[in-house]
Amino acid sequence: MIRKQLYLLFFVSGFCSLVYQMVWTRLAFASFGIITPVLSVVLSVFMLGLAIGSWAGGRMIPWLTRKTGASAIYFYGAAEFVIGLGAFATPKLFSAGEQVLLAAGQSDSFRYLFLSALVLAASILPWCLFMGATFPWMMAFVREEEAAASRDSFSFLYFANVLGAMTGTIITAYVLVETMGFHHTLALAAAGNFAIAAISVAIGRNSRRRPRTDETPAAMPKALAPSSAQGALIRWILLTTGFCAMAMEVVWTRAFTPVLKTQVYSFAAIVFVYLGATFAGSMQYRRHLRRNAMRPLGELAALLSLTAFLPIIAVDPRILPADWASKIGGEALNFRAVAIVLASICPMCAVLGYLTPSLIDQYAGGHPAAAGKAYGINVIGCILGPLFASYVLMPRMSERFALALLGLPLLLLVFLPGLGLPLARRMAAGTAAVAALLWSVFLAHDLEKLVKDKYAHAAIRRDYAASVISYGEKFGRRLLVNGMGMTVLASDTKVMVHLPMALHKGRPKSALIICFGMGTSFRAALSWDTDTTAVELVPSVVAAFPFYHADAESVLQNPKGRIIIDDGRRFLKRTRDKYDIIVIDPPPPVQAAGSSLLYSRQFYELAKEHLNTNGILQIWLPDGSREAVQPVARSLADSFPYLRAFRGVHGWGAHFLGSMQPMESATAFQLASRLPAKARADLMEWPEEIGFSSMPDIFQTLLAHEAPVPSLLNDNRKIEITDNQPFNEYYLLRRWGLYSP
């Protein structure tokens, strides 16, 4: 009976931990920028806490129980209680850290990246230390209750924890955030931790056995000696597999984006499948353990060396469905392609789910200190892997080569001596793994190769934030960021600037462009001879500017223009400048993860502080569907007393213009006459693309398709986009008719 209770506790604990990881990551993006280093630091700090907590907790628990005479489960309950406090403390620490870092410079500076990592560590690490301590402290309690049967206690707890984490991933992404928002979701997880703490106290009071104070009960199996060859081999394997697996997870998020797209559900799907396959492997290990039919370590190493390269094969355009390539950069999912990509990580994760707990059980023999050390070593690898992938690999090579390089250490495991695999089988597995590696490096195709083969002049750039591909000719030129289409050469990107400029009372003198894209809006603003600032998150996007505009170099030399590499929202928080026009072109689709940070009511409140009198904020909404328009319109209407909406000149998307003062009513001819000569030339630069013979025709089309704002607002005032409840990102329950706020 006691094991069932402990299983439930660790299931709930795993559930809560993944809630924290997912929500804290999203809140970190809001405070420190939507860049890969933030994701990597959050993952690494999370793992650092687990490593230190596991190691220190294993060493401390014998002393704590001897010193106090209390059962280990009381300390476990105290740890869960402290973790619950972190649900409320971490968002406040993020906010405080964000304010401190406003003076740290642009988000691409070493100073900012370093200091933001320190702030993230200070905000998350304390709670993760206690998460790490839960394993050895609960193992100590199992040892108190059933010393002879506790040899496999780590794998038993690990099994329950992974199942809880898998459940937490899917429930958080698909249910909790949409129905409760981020802060209430954190409060629910905290309630889970507090409940675990209370139940732990009750179990401790009802326990029939007194805590053991001796280190090595006679009935207890011995842990492996740290100096033994087998112990050293296990530690090395745990470190290597942790490093490679977590580094691969970071690379997968970028490599799979062209298939999975950028919705929050995509990342959740990767984590869910990762944990689900890990759980399946752990379940198989537990089944074999009961039957005393364990797989040899050499066999597991051989399977790992082969399965590591499957994701490279899965993203090969020749493997994916034939119609996938025709939709590169698009927003629609190809579910067959999604299934192939997600299935590719299952074998490797299942092997790790079997291998990791079996190695720690073998190393520790049920001893909390030894288990804490072994688990800590595994987690140290999990810390270093994401950092290595983000800061070393991805800025320098394609995702395919990065995955191949990360697969190499796993391949080498099969050649290690002492794994119990016959030489013939070892050589066969090694040969097959080497063949997979060579195929991945020299024969495999990926999105970059697909584009290069089709477009001779394609350009590929990489940095810490993203991989950027530029390709195509004339108006067929495209900009892909991590495989997703961002924008095109279209007149609407000019109208984003010229329409609010023309509607502004008096000649606008300053403009802010958030999201650089191809640079079309930046050029358009400078054609008014205004002081123009552009803010872009991805350095390589700015570097691609000359690919799309022949005059890019002269535009960049314009003394009235400047480009800032930063998160647009963070830039507004750290600048005191005000503008006549603020133009925002959020990355598509409207449902993209993190996009709500440029659509939320809190962001509009921030933007208002940086508008001069009669200033106008323009925001482009690429999706004209009612589902997408309503929450955005509601957030804008609640922020600006004066709001206008115009359909795009080509009949898709919408321009929203908000102001704190009334905007002038003018005819199409009046608006056209307000454009200076350079601005008129800019707007009519592409007559074959714009499809209009004169500027008045363009403005007449816009005015004719102006939508009354009340018709765009949802009947339910609760459906608006806020920082706490981003309805544009989390939408499935409403779309399926399962939830209505």
Side-chain angles (χ1 to χ4, degrees), residues 6 9-10 13-14 16-17 45-86 89 121-122 124-147 150-151 153-158 161 193-194 196-197 199-201 203-205 207 209-217 220-226 231 235 238-239 242 357 360-361 363-380 382-383:
L6 302 186
L9 293 184
F10 256 70
S13 180
C16 297
S17 296
V45 170
F46 217 88
M47 294 298 174
L48 177 63
L50 296 181
I52 298 175
S54 178
W55 172 79
R59 293 179 65 87
M60 290 171 59
I61 194 63
W63 178 84
L64 289 172
T65 54
R66 283 199 306 268
K67 191 75 172 176
T68 64
S71 171
I73 199 166
Y74 289 116
F75 297 100
Y76 169 77
E80 292 287 353
F81 183 83
V82 173
I83 293 167
L85 296 178
I124 298 175
L125 186 61
W127 328 109
C128 297
L129 291 172
F130 286 94
M131 292 181 192
T134 57
F135 268 102
W137 289 359
M138 182 58 84
M139 287 180 66
F141 175 69
V142 174
R143 182 180 172 186
E144 293 171 8
E145 294 293 301
E146 304 172 0
S150 63
R151 182 181 181 86
S153 58
F154 178 85
S155 61
F156 170 76
L157 298 174
Y158 181 84
N161 200 253
N193 292 122
F194 296 152
I196 293 172
I199 294 171
S200 299
V201 171
I203 291 175
R205 288 180 176 177
S207 178
R209 303 190 180 206
R210 297 180 58 83
R212 294 181 181 269
T213 58
D214 55 318
E215 279 291 328
T216 54
M220 189 73 183
K222 290 186 177 181
L224 288 176
R235 292 195 299 273
L238 288 171
L239 179 70
I360 296 178
D361 274 351
Y363 184 87
H367 290 256
K373 179 180 179 180
Y375 186 49
I377 290 171
N378 180 249
V379 176
I380 287 172
C382 296
I383 297 166

For residues [X] and [Y], report the shortest heavy-atom separation together with the two atoms involved.
| X | Y | value |
| --- | --- | --- |
| P136 | P368 | O-CB, 3.4 Å |
| L238 | N378 | O-ND2, 2.9 Å |
| I61 | A140 | CG1-CB, 3.7 Å |
| K373 | R235 | CE-CD, 4.3 Å |

Problem - Residues in side-chain contact (heavy atoms from CB on, under 4.5 Å) contact with F10, at least two apart in sequence or another chain - result: Y76, T134, F135, M138, L157, A160, N161

Practice task
Just jot down the side-chain contact (heavy atoms from CB on, under 4.5 Å) partners of A133, sequence neighbours excluded, or say none.
Solution key: W137

Review item, side-chain donor-acceptor pairs of residues 45-56, under 3.5 Å, at least two apart:
unit_1 : atom_1 : unit_2 : atom_2 : d
S54    : OG     : G372   : O      : 2.9

Which residues satisfy the ring-ring contact (aromatic ring centres under 6.0 Å, His included) test with [X], sequence neighbours excluded?
| X | value |
| --- | --- |
| F81 | F194 |
| F75 | none |
| Y158 | F154 |

Can you tell me how far apart [atom1] ([X]) and [atom2] ([Y]) are? Round to the nearest 0.5 Å.
| X | Y | atom1 | atom2 | result |
| --- | --- | --- | --- | --- |
| I83 | F130 | CD1 | CZ | 8.0 Å |
| M131 | L125 | CE | CG | 10.5 Å |
| L64 | S71 | CG | OG | 12.0 Å |
| E144 | I73 | CD | CD1 | 8.5 Å |

Completion exercise
Hits for side chain to side chain donor-acceptor pair (under 3.5 Å) against N193, two or more places apart or cross-chain, chain-then-number order -> Y20, E80

